[in-house]
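Letters go in sequence order (proteins before strands), and every chain restarts at 1.
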Amino acid sequence: MKFAFSDEQQMIRDTAESFLAEVSTGEAVRAAMATELGYDAELWQRICGELYWPAIHIPVEFGGLGLGYVELAAMLEQMGRYLLCSPFFSTVCLGANALMIAGSDEQKAQYLAEICAGRTATLAYTGKAAAACGGQWGAEAVELVAQRRHDQFVLNGTLRYVPDGASAELLIVAARSLGSTGAEGINLFVLAADRAGIECRLLPTMDQTRRQAEITFDSVTLPISALMGEEGAAWPALAKIIDLATVALTAEQLGGAQQLLDIAVDYTKERTQFNRPIASFQAIKHMAADMMTRAEVARSGAYYAACVAQEALEHGELASQLPEAASVAKAYCSDAFFRNAGDALQMHGGVGFTWEYDVHLYFKRAKASEHFLGSGDYHRERIARLILD
Amino acid sequence: MKLSFSLEDEQFRQEVATWLQENLIGEFEKLKFRGGPGDEHMFPEERKRWEQKLAAGGWTCVGWPREYGGRGCSIEQQVIFYEEYARAGAPGRVGHIGAGLAGPTIIAFGTGAQKSKYLPGIVAGTELWCQGYSEPGAGSDLANIRTRARFDEAGARWIINGQKVWTSLAREADYCFVIARTDPGSVAHKGLGFFLVKMDQPGVEVRGIQQITGTSEFNQVFFDGAECNAGDIVGAPGDGWKVAMSLLDFERGVSTLGQQMQFQNELNEIVGIAKENGAARDPAIRQRIAKAHTELKIMRYNAMRMLSSQGSGAGSLQQEALIYKIFWATWHRDLGELALDVMGAESQILEHGPYQLSRLQALALFVRADTIYGGTNEIQRNIIAERGLGMPKERWQR
Ligand SMILES: Cc1cc2nc3c(=O)[nH]c(=O)nc-3n(C[C@H](O)[C@H](O)[C@H](O)COP(=O)(O)OP(=O)(O)OC[C@H]3O[C@@H](n4cnc5c(N)ncnc54)[C@H](O)[C@@H]3O)c2cc1C
């Protein structure tokens, strides 16, 4: 047993960190936030063309680097730390994962190669139902309707909360057969976002470091070749895609929780009141100690989930643990990130309330990530069903 | 990263499980799941015999080097042992202070004579130990020790006077390790000594303290001219603090890494009750049970990280090790509250008068100690902030 980064994994992490510390500064994040796209297109080109990040865990046979989920998580942690504004999460953790899990060989060959080359993608599966009852991110969230007409499917309905949905070039969408409910009748399709009848509308968001969109399908026709897997039987694949994305998100959350701790501790060592650094007040020290505890526990949960995700991709021994590991990590990391954000804000006093300091960026990102793919409460209820029902 | 244990370790796991299955029977059957937190006073005689049964199988001191009668197990195997021990429901160890604290300290700092005098009794499970650190004026501020040790040249022995408090298992113990001031003018952590003192002698008096559970597992220990031999000081006079502190590292060490399995047993019992009495349908209770489950899982992953980083940090405490105590202690304390809330009003009714608590009722009270002993939560936070985050120390005059 060795539950720690290998030297190579550590190197990937360190490289990502030094790169992001340089390019994703507070200033750069603010500049990206102000654009309609939501990220710096030139930087994204560098990330794809020079660093090959989107290729990280895509198998070599499809043009990827063939590394694992732990390597992916190590990079995501740094992206979370530096609040990188980019379509990486949507393209790789949603798009590429969906293709790897549900795509046919031809679909993989075509689209994964495109993703490696820098094409952006996202997964759109949630309708408004995702916000019902405090958040429902399972099969019940799928609302888009797909009707079979001979050699075609016709899609109608509205998708919401789609990350980078207004800018992604490739869409993977989930849609259900008319009248079906729950896990029944779900299909996955892969298609270009500019297809006739699709309207993508950018939603203004409280967290401006990741864009969300509403996508409306008005009698969009798709050929059978756009279908991923067997008709009406996509739920198990989609469930796995969602769990994998959830695991990826926890790595980002961990990075944010850690960075908030570091920012807050640095600040308290510099700021003096009553003629001493506020870091010497026990009330402040204890808050910081609790933040570190949360960050370290979050780390254990997120890394473990990343290992399990790797096994799930390889059909390894622990593959069946994926839903539980994803929920355990998401429940903890969501709360840890947001609570660290709240504590960091408190420790900054008045400046923590300003637009100028970075704390609010993390505070908002923490809330957005908490709700995306299911809050702590949602994931605890998933666990409760496993152990109590 | 690799999550699975080696084949050899898995075989070891099987060996432990099989031995426990074959030996935790007959007169020991009733000890299953007993003697844990809040239940230490139960079956002391049977548990002493169980300690000797373990000794016969070679299981009392699995982590000690073979030359001292241990099993020489790797850290992974020690964790496996503790996990399987708890999984089988084997009883709380009356010998844990000797095997886990006194022994490792003597191995690390003791003389050859001390090793041959004290280690065999611990390995054999025949001699029990207790820990004489805390005093009425020395709790969190442990260095404020008042108990004195004076060397009597004529008799070539140490004479000890003073009082210890909260001493667990003092009535059952054969020996106590005592921190006492050897230099009368000294203050704080200077001028202390670490002594191995026989309990059965005229100068030692033990008085039980009734605790929150109504039982009395801890005690006051009075030393009134108690004696030990010139050779019963570990390290030199003045080295006591150094020895005492490294013992605390053992206390926070490997044996706690396997305890998640015992916690899992407790949580399972609570889940069972919740399913039976319908609490499992209450949304708020569901959230709390799921939270307990979530954090218990991560506690184990955290222990795995600690194991994996052993030895890599050249003596520096890794971040995940610094937060370990406060995390498990707080988790366990909350579990006690959850147990009562799952039972609802029935949690307030005792099985028998005058004060016979069920195992979960006793647990719910006893876990309040977890955030106090071994460094209170507040002291843990001070350590995390100062050692882990480099925040300034408090300054005050003694
Ligand atoms: C069940 C049980 C078994 C025990 N067994 C043993 C044993 O076998 N041998 C032994 O030697 N001892 C034993 N102890 C004693 C234990 O180690 C002490 O209780 C512990 O160190 C706390 O000391 P205290 O009780 O004097 O509390 P105090 O130190 O007086 O603490 C009281 C409160 O003040 C807080 N406080 C103190 N200092 C600070 C500070 N600097 N900053 C912030 N807050 C502070 C504490 O956190 C606590 O909340 C046992 C205790 C219990 C409960």
| request: Name the orientation class of the two ring planes belonging to B/Y301 and A/F3 (parallel below 30°, tilted from 30 to 60°, perpendicular beyond 60°). | output: perpendicular
| Around atom CD of A/Q346, are there more than 12 heavy atoms of other residues, nucleotides or ligands at under 6.0 Å? | no
| task | Check the pair A/Q282 / B/M391 against side-chain contact (heavy atoms from CB on, under 4.5 Å), numbers first and verdict last. | result | CA-CA 10 Å; A/Q282 202 175 54; B/M391 297 171 90; over 6 Å; no
| request: Please lay out, stage by stage, how B/I298 and A/Y304 fare under the test side-chain contact (heavy atoms from CB on, under 4.5 Å). | output: CA-CA 8 Å; B/I298 307 189; A/Y304 186 87; over 6 Å; no
| Can you check side-chain contact (heavy atoms from CB on, under 4.5 Å) on B/L389 and A/L261, steps first, answer last? | CA-CA 9 Å; B/L389 298 170; A/L261 168 66; 4.0 Å; yes
| task | Find out whether A/D290 and B/I384 are in side-chain contact, i.e. whether some heavy atom of one side chain is under 4.5 Å from a heavy atom of the other. | result | no
| remark: The reported gap from NZ in A/K2 to CG in B/L3 (rounded to nearest 0.5 angstrom) is 12.5 Å
| note | Honestly, the part of A/L386 sitting under 4.5 Å from a heavy atom of chain B is neither
| message | With a 4.5 angstrom heavy-atom cut-off, is it the side chain or the backbone of B/I326 that approaches chain A, or both, or neither? | response | side chain
| Can you tell me how far NZ of B/K291 sits from CZ of A/R380, rounded to the nearest 0.5 angstrom? | 7.0 Å
| Is the CZ atom of B/R13 crowded by more than 12 outside heavy atoms at less than 6.0 Å? | yes
| request: Indicate yes or no: at least one non-hydrogen side-chain atom of A/M1 is less than 4.5 angstrom from one of B/S308. | output: yes
| Derivation of the side-chain contact (heavy atoms from CB on, under 4.5 Å) call for A/H286 and B/N382 | CA-CA 7 Å; A/H286 284 194; B/N382 289 349; 2.6 Å; yes
| field | Engaged part of A/S327 at the chain B interface, taking heavy atoms whose separation is under 4.5 Å | value | neither
| Who among B/R300, B/E378, B/M299 has the most heavy-atom pairs with chain A under 4.5 Å? | B/E378
| task | Working to the nearest 0.5 Å, report the span between CD1 of A/I387 and CG of B/L267. | result | 6.0 Å
| request: Nearest 0.5 Å please: distance from the OG atom of A/S6 over to the CE atom of B/M1. | output: 8.0 Å
| query | Is it true that B/R286 and A/E381 have a side-chain N and a carboxylate O under 4.0 angstrom from each other? | reply | yes
| query | Are B/R381 and A/K285 close enough that some pair of their side-chain heavy atoms sits under 4.5 Å apart? | reply | no
| message | Atom CZ of residue position A/R276 - does it have more than 12 heavy atoms of other residues, nucleotides or ligands inside 6.0 Å? | response | yes
| task | Give a yes or no on this: more than 12 heavy atoms of other residues, nucleotides or ligands lie within 6.0 Å of atom CD of B/E10. | result | yes
| said: Quick check on B/E76 against chain A: is it the side chain, the backbone, both or neither that has a heavy atom closer than 4.5 Å? | reply: side chain
| Inter-residue atom distance B/M304.CE - A/C307.SG, 0.5 Å rounding | 7.5 Å
| query | Is any side-chain heavy atom of B/Q319 less than 4.5 Å from a side-chain heavy atom of A/R299? | reply | no
| message | Using a 6.0 Å cut-off, check whether atom CD of A/E8 has over 12 heavy atoms from anything other than its own residue. | response | no
| message | Heavy-atom cut-off 4.5 Å, strictly under: side chain, backbone, both or neither for A/R385 against chain B? | response | both
| message | Take a 6.0 Å sphere around CD of B/E8 and say whether it holds more than 12 heavy atoms from other residues, nucleotides or ligands. | response | no
| field | Contact leader toward chain B among A/A4, A/S300, A/P277, A/G68, where contacts are heavy-atom pairs under 4.5 Å | value | A/S300
| remark: Heaviest contributor of heavy-atom pairs below 4.5 Å to chain A, chosen from B/A280, B/A303, B/A290, is B/A290
| message | I need the residue from B/E320, B/E295, B/K275, B/H293 with the largest number of non-hydrogen atom pairs under 4.5 Å to chain A. | response | B/H293
| Side chain, backbone, both or neither: which part of A/V297 has a non-hydrogen atom closer than 4.5 Å to chain B? | both
| query | Rounded to the nearest 0.5 Å, what separation is found between the CD atom of B/Q287 and the OH atom of A/Y378? | reply | 12.5 Å
